[in-house]
Amino acid sequence: MNRPAIWGRGARAVGGSTDRAFELALIARIGAGDLSAFEQLYRRFHPRLTRFLLSVTHRPTIVEEALNDTMVVIWEKAGAYRGESKLATWIFAIAYRKALKALQRQDVPVEAGAIDEDETYEPAPDETLGRSQSHRRLIEAMAQLSADHRAVIDLTYFHELHYRDIAVVMGCPVDTVKTRMFHARRKLRALMAGDREDWLWDG
């Protein structure tokens, strides 16, 4: 089976929630070598995977490499997907492993503030300056967490995965995910003193 070409950053996202039956049909088509199905899946997951990989690695220069590696694995292993977990969970698990491998190859410590603010975040004119500043401080604070802690925060708050799904993604017990979340929140509290955002501190 030939590998498909990996599209560039210009691919557009497909909005809306993913229907499980559609997901199963889509991944089955990919497993059978359907390039159009692969392109559909790429457009669906490209924005989410880019954000996740950027959050975990905090190195924009390796995000596209890790994303392409992830998509190659999806293309080659689609036939092995049996629906035991959500498709998104399966895909994020692949991306997480590729992100860690990319970081190991770089072997360079991540510096705080090395990441630009998410380009898709454009506050409306009527939003307060304080909210924009809090968002920026959160991004900067997350840069000081470990890759594991960034992954837990990102998957929970920005991708709305449950702990059991995050455990599958990270290949660890649910209790480990909870422990990582506890320590990640505690460090963020210290780093963001005065920015007590309810959505982050609840739970």
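Quick note: residue numbers are just sequence positions, from 1. Heavy atoms only: backbone and side chains are in, while hydrogens, waters and symmetry mates are out. In this text, all values refer to a predicted model and were calculated from it rather than measured experimentally.
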field: Carboxylate-amine/guanidinium contact Glu65 Arg105, below 4.0 Å
entry: yes
Measure the spacing between [atom1] of [X] and [atom2] of [Y] and express it to the nearest 0.5 Å.
X: Ile166; Y: Thr156; atom1: CD1; atom2: OG1; value: 3.0 Å
X: His159; Y: Asp165; atom1: NE2; atom2: CG; value: 13.0 Å
X: Glu160; Y: His162; atom1: CD; atom2: NE2; value: 9.0 Å
X: Ile62; Y: Thr57; atom1: CD1; atom2: OG1; value: 4.5 Å
X: Trp90; Y: Glu23; atom1: CH2; atom2: CD; value: 11.5 Å
X: Met142; Y: His58; atom1: CE; atom2: NE2; value: 6.0 Å

Is there a side-chain contact between [X] and [Y] (heavy atoms, below 4.5 Å)?
X: Lys98; Y: Leu67; answer: no
X: Thr70; Y: Ile74; answer: yes
X: Phe38; Y: Met71; answer: yes
X: Thr176; Y: Pro173; answer: yes

- request: Measure from the side-chain N and O atoms of Arg150 to the backbone N and O of Leu145, and report whether any donor-acceptor pair falls under 3.5 Å.
  value: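 At least one qualifying donor-acceptor pair exists.
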Grab the two heavy atoms, one from [X] and one from [Y], that are nearest each other, plus how far apart they are.
X: Val56; Y: Ala147; answer: O-CB, 3.8 Å
X: Val168; Y: Ala93; answer: O-CB, 4.0 Å
X: Val177; Y: Cys172; answer: CG2-SG, 3.7 Å
X: Leu191; Y: Ala141; answer: CD1-O, 3.6 Å
X: Tyr81; Y: Lys86; answer: OH-C, 3.5 Å
X: Arg180; Y: Met170; answer: NH1-CE, 3.1 Å

message: If we check ring-ring contact (aromatic ring centres under 6.0 Å, His included) with Phe52, which of these qualifies: Phe45, Phe158, Phe92?
response: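 Result: among Phe45, Phe158, Phe92, Phe92 is the only option passing the ring-ring contact (aromatic ring centres under 6.0 Å, His included) with Phe52.
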task: Answer with yes or no whether the side chains of Tyr96 and Asp148 bring together a donor and an acceptor at under 3.5 Å.
output: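 Result is yes, a qualifying pair exists.
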